[in-house]
Amino acid sequence: MDLSLLGDSLGGLVPFLIYIGLSLGMILVYVAVYTLATAHDELALIRADNVAAAVAFGGSMLGFALPLASAAMHTRALAEFLLWGAIAIVVQVLVYYFFRLIMLRDVSRRIEQGQLAAGLLLGSASLTGGIVNAAAMAT
């Protein structure tokens, strides 16, 4: 068995761990910012088994994770990665406000009532925003 291959494979372990740690930290920041920005309390609603809230919040987290992954793939410096992660947070919050302003003004009330259609539409909008954001970061 060639141990040099193992050593080569593990050479990227430290950067991997750094990016995983920073990503988890950014996700926690995202959750805090997003839950403060929305007009409904996602986590309380999810704890109460509100499926609409879970779908909407899950879509928003995926919508954030996509550009965060893109930033991890396309940046070379940790500060640059963190900057693009912060931009991704702002974009996702703007997606929520844009959606609420343009498409469904009472989305938070509908989600609080457990209306799955509203949660699915908001989650899809968040995911769409994240896909476009991730693609834009890759250019």
### Query
Taking side chain as C-beta onward, heavy atoms only, is Ser124 less than 4.5 Å from Phe99?
no
### Message
Any non-hydrogen side-chain atom of Trp84 less than 4.5 Å from a side-chain atom of Leu68?
### Response
no
Using modelled atom types and a 3.5 Å cut-off, is there a donor and acceptor pairing between side-chain atoms of [X] and backbone atoms of [Y]?
X     : Y     : value
Tyr30 : Ser60 : yes
Asp41 : Thr35 : no
Ser70 : Leu66 : no

### Task
Step by step, work out the side chain to side chain contact (heavy atoms under 4.5 Å, CB included) result for Ile46 and Asn50.
CA-CA 5 Å; Ile46 292 167; Asn50 183 315; 5.9 Å; no
### Message
Under the rule for side-chain contact (heavy atoms from CB on, under 4.5 Å), what residues qualify as partners of Phe98, not counting sequence neighbours?
### Response
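Phe98 satisfies side-chain contact (heavy atoms from CB on, under 4.5 Å) with Ile102 once adjacent residues are dropped.
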### Query
What residues, two or more places apart in sequence or in another chain, satisfy side-chain contact (heavy atoms from CB on, under 4.5 Å) together with Ala37?
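side-chain contact (heavy atoms from CB on, under 4.5 Å) list for Ala37, sorted by chain: Val93, Tyr97.
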Say you draw a straight line from [atom1] of [X] to [atom2] of [Y]; how long is it, rounded to the nearest 0.5 Å?
X      : Y      : atom1 : atom2 : result
Ile87  : Met137 : CD1   : CE    : 6.0 Å
Ile111 : Phe57  : CD1   : CZ    : 11.5 Å
Ser126 : Asn133 : OG    : CG    : 11.5 Å
Arg47  : Glu42  : CZ    : CD    : 11.0 Å

Does one hydrophobic cluster hold both [X] and [Y], with members joined at side-chain heavy-atom distances below 4.5 Å?
X     : Y      : answer
Val95 : Val132 : no
Ile27 : Phe16  : no
Phe81 : Val91  : no
Tyr34 : Leu45  : yes
Leu62 : Leu28  : no

How close do [X] and [Y] get, heavy atom to heavy atom, and via which atoms?
X      : Y      : result
Gly63  : Pro67  : O-CD, 2.9 Å
His74  : Ala138 : CE1-CB, 3.6 Å
Ala52  : Gly114 : CB-C, 3.7 Å
Leu122 : Ala56  : CD2-CB, 4.0 Å

## Note on the structure
With Ile20 as partner, the option from Leu24, Leu17, Ile18, Leu22 fulfilling side-chain contact (heavy atoms from CB on, under 4.5 Å) is Leu24
### Message
By the side-chain hydrogen bond (donor to acceptor under 3.5 Å, both in side chains) test, which pairs, at least two apart or in different chains, include something from residues 98-109?
### Response
His40-Ser108, Tyr96-Arg100, Tyr96-Ser108, Asp106-Arg109, Asp106-Arg110, Arg109-Gln113
#### Entry: Check against side chain to side chain contact (heavy atoms under 4.5 Å, CB included), Met26 and Phe64
CA-CA 10 Å; Met26 291 294 293; Phe64 173 67; 4.2 Å; yes
